[in-house]
Every structure is written in C-alpha cells, then in structure tokens.
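Have a look at the structure below, then the notes.
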Amino acid sequence: MASYSLAQPEEPVKLGINIEGTGPSGESLNGFEIIFLFTILTLAPSILIMMTSFTRIIIVLSFTRNALGTQQMPPNQVLIGLALFLTFFIMSPIGTEINERAISPYLAGQIGQEQALEEAMEPIRNFMFKQTREKDLAMFVNLSSIPKPETLADIPNNVLIPSFIISELKTAFQMGFLIYVPFIVVDMVVASTLMSMGMMMLPPVMISLPFKILLFVMVDGWNLVVKTLVTGFK
C-alpha cells in the first residue's frame, strides 16, 4: 500500500517596494528625489509645449486649416504629430547641446544634479531669448518687481518663460493673419460672382472651397508654411 507524505507548508512570500535606488554617480536616491523625478516626467508635456517651438507651429497649422475651410482636414492628430516632429527637428541642436553639457556629464558622475539642471537650462534660455521680444520681457520684469537686470543672466526663468510664450503667440497670430488674406480674397471674389449671377441661395463657401484647395496645392502651400516656420527659428 502506497504511503503519502503531507507537503510541508511553505514560508509565506513577502512582497515589498523599496523606493531607494542608486543614482548615476553611485549615490543613493531617497524617496523625495524619486518623487521629484516623477513630477518632472509629469510636467514634461507642459515643458515641451511652453519652452519650445511647438506653440507657434501648432497655432499656425491650425490657422492654415481654418483658412482653407476644410473643417477637420487634416485631423487634429495629424496636425499635432506634424507639429511634434517639426519641434523635434528645430530643437535637435539644442537637445544635442543639452546632452553634451548636462546629461552625459551627470550620468558619468562628473557633475551634480543642481549643476546639471543649470547646464541643461542654459541652451533653452538662449533659444527663448532669441525668440522673445524686448517689450514682452520688459513688461514681465516690471510686473515681477525684481531689481533691474543688467545682463540676460540676471533674468530668472519665471520671467523669461511667460515672456517667451506671449511673444510666440503674437508671432503665430501675425503669421496666421498673412495666411488668411489670400483665402479671404478668394471668398470675396466667389461671393461677389454668385451675387451678380443672382444665386443668393447657393452658399459661397461650397463654391470657394475647391478653388482655395486648388490655390493652396498650386503654390505648394504646405511646403511654404513649413519652410517659413522652420526658418523663423534660425
């Protein structure tokens, strides 16, 4: 008769999460530093939108679509994707500089976190200063009640970033106005022609839309818009 032995109870398995780790330079990361890291990752989309060329690009592309009157063509996903890749293209030299000055030395343990952050912000600040109008910068300096800066290095980020955003919005709306003008002319010509022919019940938009698309294609509109956007940041 076969005998069976009872299986011995196994030790209970204990699961846990340790929030301490090892940094690039071999130093341990505490919970506060990890929380700070996740906060930065959460704010990354806002940083991308507010401190790069993305704002101007997406606004101009939206103006172009609205001027054409094609409603949702191209779709929002296409416009956002195009704006993102154009942003990566424009900001790639700055990303390379950040990698050489901040990321690589930090990962190699040559500099600390604070110095890495300062080195990473310097190329971005230089980019924003080039695109920011003096009038907008002076307005936020006066609103912040800080001592009058003698050099650009004396201007803090909380003054530079909103000044850059306001300047980008103004530039984008100026470009949008110039994009609208030729399409408004087409709408006016079509509306005047239909009115002179007595076709009061026929919507002018229905007739002008094919002509606006034809005009945009003949002048290679997307090529001109993208070229103007890219060269505007040089």
Side-chain angles (χ1 to χ4, degrees), residues 43-96 124 127-136 139 161-234:
L43 296 177
S46 299
I47 296 174
L48 172 65
I49 292 174
M50 298 304 176
M51 298 173 62
T52 64
S53 58
F54 180 85
T55 301
R56 183 193 304 186
I57 294 173
I58 191 62
I59 292 176
V60 172
L61 293 179
S62 299
F63 268 121
T64 303
R65 183 179 65 181
N66 293 336
L68 282 170
T70 54
Q71 301 300 325
Q72 295 298 321
M73 288 295 169
N76 291 331
Q77 294 86 344
V78 175
L79 290 185
I80 294 175
L82 177 59
L84 282 174
F85 279 102
L86 288 178
T87 301
F88 294 150
F89 177 79
I90 294 171
M91 303 297 294
S92 58
I94 300 173
T96 302
I124 300 177
F127 169 79
M128 290 191 290
F129 275 125
K130 291 180 181 179
Q131 309 300 328
T132 305
R133 292 177 172 84
E134 294 183 3
K135 180 180 178 181
D136 297 328
M139 179 187 69
I161 294 175
S163 304
F164 169 75
I165 296 173
I166 294 299
S167 296
E168 286 294 281
L169 290 175
K170 184 176 181 179
T171 303
F173 273 73
Q174 289 175 343
M175 297 178 67
F177 170 77
L178 296 177
I179 291 173
Y180 255 97
V181 171
F183 297 112
I184 291 178
V185 173
V186 173
D187 287 332
M188 293 177 61
V189 171
V190 171
S192 300
T193 304
L194 292 179
M195 186 176 296
S196 63
M197 296 175 62
M199 299 181 177
M200 305 294 295
M201 303 301 295
L202 185 62
V205 177
M206 183 181 299
I207 305 300
S208 63
L209 179 58
F211 289 100
K212 289 192 290 186
I213 294 176
L214 178 62
L215 173 65
F216 193 72
V217 172
M218 289 180 61
V219 300
D220 201 0
W222 290 116
N223 185 291
L224 293 176
V225 171
V226 170
K227 182 179 179 180
T228 303
L229 285 170
V230 174
T231 55
F233 290 98
K234 298 299 183 180

Are any non-hydrogen side-chain atoms of Phe216 and Trp222 less than 4.5 angstrom apart?
yes

What distance separates Lys130 NZ from Phe233 CZ, expressed to the nearest 0.5 Å?
12.5 Å

In short, Leu224 meets Thr228 closest at the heavy-atom pair O-OG1, 2.7 Å

In this structure, CG of Leu229 is separated from CD1 of Ile57 (nearest 0.5 Å) by 6.0 Å

Student check: side-chain heavy atoms of Asn76 and Arg65 closer than 4.5 Å:
yes

Determine whether Ser53 and Met91 make a side-chain contact, defined as any pair of heavy atoms from C-beta on separated by less than 4.5 Å.
yes

Other residues, nucleotides and ligands only: do more than 12 of their heavy atoms fall within 6.0 Å of CZ on Phe129?
yes

Compare all side-chain heavy atoms of Met73 with those of Leu68 and state whether any distance is below 4.5 angstrom.
no

What's the shortest heavy-atom distance between Ser167 and Asp136, and which atoms?
OG-OD2, 2.7 Å

Closest heavy-atom pair and its distance - Phe54, Leu84:
CE1-CD2, 3.8 Å

Is there side-chain contact between Phe63 and Phe177, with at least one heavy-atom pair below 4.5 Å?
no

Atom OG1 of Thr231 and atom CD1 of Ile90: how far apart are they, to the nearest 0.5 Å?
9.0 Å

Nearest 0.5 Å please: distance from the CZ atom of Phe173 over to the OG1 atom of Thr171.
11.5 Å

Measuring only between side-chain heavy atoms, which start at C-beta, is Pro210 closer than 4.5 Å to Lys212?
no

Between Gln131 and Phe164, the two heavy atoms sitting closest are CB-CE1, 3.7 Å

Nearest 0.5 Å, what's the CD1-NZ distance between Ile59 and Lys170?
14.5 Å

Give a yes or no on whether the backbone of Phe89 and the side-chain of Ser92 come within a donor-acceptor separation of less than 3.5 Å.
yes

Gap between atom CG of Asn66 and atom CZ of Phe183 - 0.5 Å precision
11.5 Å

